Engineer: 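Below is one structure. I have some questions about it.
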Number of protein chains: 2
Amino acid sequence: MVRMAHNGSNGPNKLKIMDKPQLSESQEDYLKHIFKLREVNETVTTQDLSESLKVRPASVTGMIKKLSSMELIYHRPYKGVVLTELGEKIALEVLRHHRLLELYLVDHLNYTWDEIHDEAERLEHVISEKFEAAISKLMGNPTRDPHGDPIPSVDLEIPEMPDLVSVDRLHAGQEAVIQRVLTQDKDILNMLSRLELTIDANILMVGSDKTGIRLKVGNNQYLIPYSIAKLIWV
Amino acid sequence: MVRMAHNGSNGPNKLKIMDKPQLSESQEDYLKHIFKLREVNETVTTQDLSESLKVRPASVTGMIKKLSSMELIYHRPYKGVVLTELGEKIALEVLRHHRLLELYLVDHLNYTWDEIHDEAERLEHVISEKFEAAISKLMGNPTRDPHGDPIPSVDLEIPEMPDLVSVDRLHAGQEAVIQRVLTQDKDILNMLSRLELTIDANILMVGSDKTGIRLKVGNNQYLIPYSIAKLIWV
DNA sequence: CTTTAAATTTAGTTGAGACTAAAAATAAAT
DNA sequence: ATTTATTTTTAGTCTCAACTAAATTTAAAG
Ligand SMILES: [Mn+2]
Ligand SMILES: [Mn+2]
Ligand SMILES: [Mn+2]
Ligand SMILES: [Mn+2]
């Protein structure tokens, strides 16, 4: 049973979208992961993808060849891959779905921080453009998801992000507002939300030592190990 | 990339659900179609499924063998299939997803009658139990979808439906309330909704002749051909 | 009954997208 | 510069769920 295209109602004004090939769920995930790895890594290797997609390297090579032949990525054998213009558009489309969905689940269906990722991971591939537009409008075309990650706009531009630093870079006495949390690990998210170390929270750096940093949040004060502090950007 | 199970957070109270095998999208659709065909047909043949799923008969036979070996259906070769107890539970679970989704799309995302079916058809397979519960709760655990079809309850019982007759059975002068519309044809649904022949609409049977029936709705009066009148139940 | 038609099943193929095992290319270490 | 280790690619296999073509079974007509 082959999954069908569902570009929504293709009004005459959406011509550019029309020539996007219909991709499989796997292919969409590959493109998305390439995009996200590139934000961090400078180069995206077969192994990077193997780890992040939890697929064996040989399989990754196979998919790379296919995406390459579709001109969605450019591949220098033994070196790595980069997204083509079209490949990046598709990656951003999926990312937009994912992040709008995460925000929607939190805002409208009472999901908690640690529950949204897996649900969005599956839904991102099956919602129509109509669905995307509907939830975006309902939320006032937001630009940040519940982790503080930027939501690509309808025309697939990434909204400007202010320059951020991880919270361990603050000096003692400095105050700041949490803007972004770079993890989808359920246990970490669960812990952070219980400590009220969530997006928009006001924090005060009390001090730091070799074990970690001391943060004051509201009336409470915690010791946060560096491994976790590095995930929190202000 | 194999799709993973997502039974939601399996609290200790949901043991019975746990031994439901994880099915593919196709398998879920087969079970759902068998259930729906059975509501109408008394017997469900290979051809019935072939037509309703738009899959060749040989392929249907193949899937029948698999579902049969999984004890989700019972198959008398050359005769037809029936759902086992477990098969029916799964069919109802999918149907519950589908119908809750349709209602949700109308009530919360401003979808029109003719837009909901295709979207629900894809989403029904990927939403979690958590998502199902969330939208059900949000809508006050509804028992009817936007077509008037019954929504199976959380424990997968079909809610009682009052006895209905198709609108062409009314005699002149009789009034009635539309309870159910038995089609997913987009054009018919679109037409009916423009005529305000929607669920809960009050109608008056004016009269009938060989071409169709005359219905009064609000201040307007229409001639409805029998082919369409048979789809409207009151 | 016997022949013909229709429905169903069998047999074999295809394409996606994973996998393992082994070969080839690149990078690191002696 | 060789040798060794790591990464990447090739080659071939597997499962799933579709397909076509042909054989078989059941149903309908003469
Ligand atoms: Mn995904
Ligand atoms: Mn996110
Ligand atoms: Mn479906
Ligand atoms: Mn319906």
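Remember, predicted model here, so these are calculated numbers, not experimental data. Throughout, protein chains are lettered first and strands after them, A, B, ... in sequence-line order, and every chain is numbered starting at 1.
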Engineer: Using only side-chain N and O atoms of A:Q27, determine if any of them is under 4.0 Å from OP1 or OP2 of C:dA16.
Structural biologist: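 Checking C:dA16 against A:Q27, no side-chain N or O comes under 4.0 Å of OP1 or OP2.
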Engineer: How close or far is atom C1' of C:dG17 from atom CG of A:L31, stated in whole angstroms?
Structural biologist: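 Nearest whole value for this atom pair: 15 Å.
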Engineer: Counting C-beta onward and ignoring hydrogens, is there a side-chain heavy-atom pair between B:M139 and B:L103 closer than 4.5 Å?
Structural biologist: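 Contact flag for B:M139/B:L103 side chains = yes.
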Engineer: Can you check the A:E25 CD to C:dA18 P distance for me, whole Å?
Structural biologist: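 Spelled out: CD on A:E25 to P on C:dA18 is 11 Å.
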Engineer: How about B:T211 and B:D209: does a side-chain donor come under 3.5 Å of a side-chain acceptor?
Structural biologist: yes
Engineer: Without decimals, in angstroms, what is the distance between A:K79 NZ and D:dT7 C1'?
Structural biologist: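 Going from A:K79 (NZ) to D:dT7 (C1'), I get 11 Å.
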Engineer: Identify all pairs in which a protein N or O lies below 3.5 Å from an N or O of nucleotides 19-25 of chain D, and state each distance.
Structural biologist:
from: D:dC19; atom 1: OP2; to: B:R56; atom 2: N; distance (Å): 2.8
from: D:dC19; atom 1: OP2; to: B:S59; atom 2: OG; distance (Å): 3.0
from: D:dT25; atom 1: O4'; to: B:Y78; atom 2: OH; distance (Å): 3.3

Engineer: Would you kindly say whether A:H97 and A:E124 are connected by a side-chain donor-acceptor distance under 3.5 Å?
Structural biologist: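 Side-chain D/A pair, A:H97 to A:E124: absent.
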Engineer: Would you say A:T45 places a side-chain N or O within less than 4.0 Å of OP1 or OP2 belonging to D:dT7?
Structural biologist: no
Engineer: I need the CD-P distance between B:Q47 and C:dA6, as an integer number of Å.
Structural biologist: 11 Å
Engineer: For B:Y30 and D:dA18, is the shortest distance between a side-chain N/O and OP1 or OP2 below 4.0 Å?
Structural biologist: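 For B:Y30, the contact criterion (side-chain N or O under 4.0 Å from OP1 or OP2 of D:dA18) is met.
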Engineer: So, A:Q47 side chain and A:P57 main chain: donor-acceptor pair closer than 3.5 Å or not?
Structural biologist: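 No.
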Engineer: Figure out the CE/P separation between A:M63 and D:dT9, and round it to whole Å.
Structural biologist: 15 Å
Engineer: Can you check the A:D48 CG to D:dT6 P distance for me, whole Å?
Structural biologist: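 So the two atoms are 17 Å apart, to the nearest Å.
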Engineer: Ring-plane angle category for B:F131 and B:Y104, please: parallel below 30°, perpendicular beyond 60°, tilted otherwise.
Structural biologist: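 Ring orientation of B:F131 relative to B:Y104: perpendicular.
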Engineer: Rounded to the nearest Å, what distance is computed from the CD1 atom of residue A:I64 to the C1' atom of nucleotide C:dG17?
Structural biologist: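 Interatomic distance, CD1 of A:I64 to C1' of C:dG17: 14 Å.
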Engineer: Could you give the NZ-to-C1' distance, from B:K65 to D:dA17, as a whole number of Å?
Structural biologist: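 Value for this atom pair: 15 Å.
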Engineer: Report yes if at least one side-chain N or O of B:T61 is closer than 4.0 Å to OP1 or OP2 of C:dT10; otherwise report no.
Structural biologist: no
Engineer: OP1 or OP2 of C:dT9 sitting under 4.0 Å from any side-chain N/O of B:T46?
Structural biologist: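 Indeed, a polar side-chain atom of B:T46 lies that close.
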Engineer: Do we see a donor-acceptor contact under 3.5 Å between the side chains of A:S26 and A:D29?
Structural biologist: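 Judged by distance alone, the side chains do not pair up.
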Engineer: When you look at CZ of A:R169, are more than 12 heavy atoms from neighbouring residues, nucleotides or ligands closer to it than 6.0 Å?
Structural biologist: no
Engineer: Output yes when at least one side-chain N/O atom of A:H75 is less than 4.0 Å from OP1 or OP2 of D:dT8, else no.
Structural biologist: no
